[in-house]
Undergrad: 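Before we start, here is the structure in question, set down as C-alpha cells.
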Amino acid sequence: MSTTGASADPLAALGSLPGVPEAVESVRKAVDRVYGHRIMRRRSNEITSEAALRGARGSAALSGADWALEEVRRRTDFSGDDEARMMGAALRLTAEAGQLLSIWRQSPLRVLARLHLVAAADGDERVGRPRQEGEAVDEPLIELPLPSAAEAHGRLDGLAELIIAGGSAPALVTAAVVHGELLALRPFTSHNGLVARTAERVVLVGSGLDPKSVCAAEVGHAELGRAAYLAALDGYVSGTPEGMASWIAHCGKAVELGARESMAVCEALQRGAA
C-alpha cells in the first residue's frame, strides 16, 4: 500500500484526500436511509439474506461468472463447470463472512486464510496460505503486474498491523484499502478477487457502518462494471493521492448502490405487505 508519507495513522490520512470526506458522508447517508426504512425494523433478516445472495452474485460476476439472479436462486448444484464453481465459492464466502467478524480485528491474516480455504474448497497444499515464490496465480481478469511473494507477504503483514492497531479512519477508507491491497497483491494462488470483496464486506459490517450487512458493495461493484472497477484499481495501484481518492470514491459508490438495492427490496416487501 502506497499512502501519504510516514503518518502514524496512514489510513486516517487517506480520509482527508480531496473528495474522500464527501464520499464518506454520502455513504453514511445512503446506509442510514436503508436502516431507517420501516421494513428494516420488522424484517431485517430477510433483507440481510437477500443482500447476501445479491452480493455473492455480484462478486462472482466480477470474477467471470455473470449469472442472472434467478439462476443463482434456482440452482442447488454449483460443482459443474468453472463458472458454477466460482458462483459456489462466492456463496460460501458470503455465508462464512459473518462467522469471522469477531476474529478480524485481532487476526486479519487468519481470517484471510480462512476465506481462501472456504473459497477454494479443495485439499491443495496451496489453499489457505499466502503464495510462495514461484507459485502461479490464477486471476485472469486482473492483469496488473504481480508483486513477488516476498513483497506480498511484507505488505500483508503491514496491512494486518494497521487493522490491529485500529485508528480513526472512516470504515469506507479502511474497507477500500483492504479491498484494493488484496487485489493488488493477489496473495493467494486463486480466488483473490472473491476474497478481497468479502474482506471489504467484513470491514463494513464489523466497523458498525453496516452491522446487519444489508448494503452489499459487491452489488454496486458489479453494477458499475468490470471496466470501471479495473480502472479505479489502477488508481489505487498508482499510489498517487488522486488515484487513491478515486478508488475510495469508487468503493463508496459501490456501497451506495448496494444500499439502493436493499432499499428497493424493502419497498417491494412493503408493497407486498400492504
Side-chain angles (χ1 to χ4, degrees), residues 1 52 55-65 78-79 82-144 146-164 174-206 213 216-218 221 229 233 236-237 251:
M1 177 179 61
R57 192 217 72 82
S59 190
L62 287 168
S63 286
F78 295 94
S79 62
D82 288 346
E83 286 195 8
R85 287 191 290 274
M86 186 67 72
M87 185 63 68
L91 290 165
R92 290 192 300 273
L93 284 173
T94 298
E96 185 73 12
Q99 312 302 314
L100 301 172
L101 293 171
S102 63
I103 306 171
W104 174 256
R105 282 295 297 273
Q106 287 74 43
S107 186
L109 297 183
R110 179 179 163 198
V111 169
L112 294 175
R114 174 63 184 170
L115 291 175
H116 186 243
L117 186 67
V118 169
D122 63 39
D124 191 301
E125 65 174 10
R126 298 170 297 176
V127 169
R129 62 155 175 80
R131 58 186 168 86
Q132 298 175 0
E133 218 63 66
E135 290 180 337
V137 173
D138 181 14
E139 205 72 41
L141 299 178
I142 297 177
E143 299 178 350
L144 296 168
L146 185 69
S148 69
E151 180 182 351
H153 290 192
R155 285 171 60 177
L156 267 185
D157 287 343
L159 181 64
E161 289 171 6
L162 288 174
I163 293 164
I164 293 167
T174 303
V177 168
V178 167
H179 184 172
E181 194 72 352
L182 292 173
L183 288 178
L185 296 179
R186 280 146 291 160
F188 302 106
T189 56
S190 65
H191 298 90
N192 290 285
L194 293 182
V195 169
R197 291 184 287 276
T198 305
E200 179 184 46
R201 169 80 71 97
V202 168
V203 174
L204 294 171
V205 175
S213 194
E218 305 97 317
H221 286 303
Y229 184 67
L233 178 62
Y236 177 86
V237 173
C251 290

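Just so you know, these numbers come straight off a predicted model, no measurement behind them. Heavy atoms only: backbone and side chains are in, while hydrogens, waters and symmetry mates are out.
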Undergrad: Measure the OG-CE distance between Ser63 and Met87 for me, rounded to the nearest 0.5 Å.
TA: 10.0 Å

Undergrad: Between Gly88 and Phe78, which heavy-atom pair has the shortest distance, and what is it?
TA: CA-CB, 3.7 Å

Undergrad: Partners of Asp122 by side chain to side chain donor-acceptor pair (under 3.5 Å), sequence neighbours excluded?
TA: none

Undergrad: Roughly how far, to the nearest 0.5 Å, is the CG atom of Leu183 from the CD1 atom of Ile142?
TA: 4.5 Å

Undergrad: So which heavy atom on Gly206 is nearest to which on Leu101, and how close?
TA: N-CD2, 3.9 Å

Undergrad: Would you confirm whether Arg92, through its side chain, and Val118, through its main-chain N or O, come within 3.5 Å as a donor-acceptor pair?
TA: yes

Undergrad: Less than 4.5 Å apart, side chain to side chain, heavy atoms only: is that true for Val127 and Phe188?
TA: no

Undergrad: Testing the basics here: between Leu93 and Val195, what is the closest heavy-atom pair and its distance to 0.1 Å?
TA: CD1-N, 4.2 Å

Undergrad: Please examine the side chains of Leu159 and Arg155, heavy atoms only from C-beta on, and report whether any two atoms are closer than 4.5 Å.
TA: no

Undergrad: Using every non-hydrogen atom in the two residues, find where Ala97 and Val202 come nearest and quote the distance to one decimal.
TA: CB-CG2, 4.0 Å

Undergrad: Could you state the interatomic distance from CG (Leu146) to CD (Glu139), rounded to the nearest 0.5 Å?
TA: 10.0 Å

Undergrad: Any side-chain heavy atom of Thr94 within less than 4.5 Å of one from Thr198?
TA: no

Undergrad: To the nearest 0.5 Å, what is the distance between CD on Glu161 and CG on Leu156?
TA: 11.0 Å

Undergrad: If you define the side chain from C-beta out and look only at heavy atoms, does anything of Val203 sit under 4.5 Å from Glu200?
TA: no

Undergrad: Just so I know, are the side chains of Leu141 and Tyr229 near enough to count as touching, which here means a heavy-atom distance under 4.5 Å?
TA: no

Undergrad: Report yes or no: do Ser59 and Arg201 form a side-chain donor-acceptor pair below 3.5 Å?
TA: no

Undergrad: When rounded to the nearest 0.5 angstrom, what is the spacing between CG in Leu62 and CZ in Arg57?
TA: 8.5 Å

Undergrad: Which pair of non-hydrogen atoms, one from Ser79 and one from Arg85, has the smallest distance, and what is that distance?
TA: O-NH1, 3.7 Å

Undergrad: Only pairs under 3.5 Å count here: list side-chain donor-acceptor contacts from residues 104-117, not counting sequence neighbours, and write none if there are none.
TA:
unit_1	atom_1	unit_2	atom_2	d
Arg105	NE	Ile163	O	3.1
Arg114	NE	Glu96	OE2	2.9
Arg114	NH2	Glu96	OE2	3.4
His116	ND1	Gly128	N	3.0
His116	NE2	Ser190	O	3.1
His116	NE2	Ser190	OG	3.2

Undergrad: For residues 129-138, dump all side-chain donor-acceptor pairs below 3.5 Å to protein atoms at least two apart in sequence or in another chain.
TA:
unit_1	atom_1	unit_2	atom_2	d
Arg129	NE	Glu125	O	3.3
Arg129	NH1	Glu135	OE1	3.1
Arg129	NH2	Glu135	OE2	2.8
Arg131	NE	Arg186	O	2.7
Arg131	NH1	Pro147	O	3.2
Arg131	NH2	Pro147	O	2.7
Arg131	NH2	Leu185	O	2.9
Glu133	OE1	Ala150	N	3.3
Glu133	OE2	Ala149	N	3.2
Glu135	OE1	Gln132	N	2.8

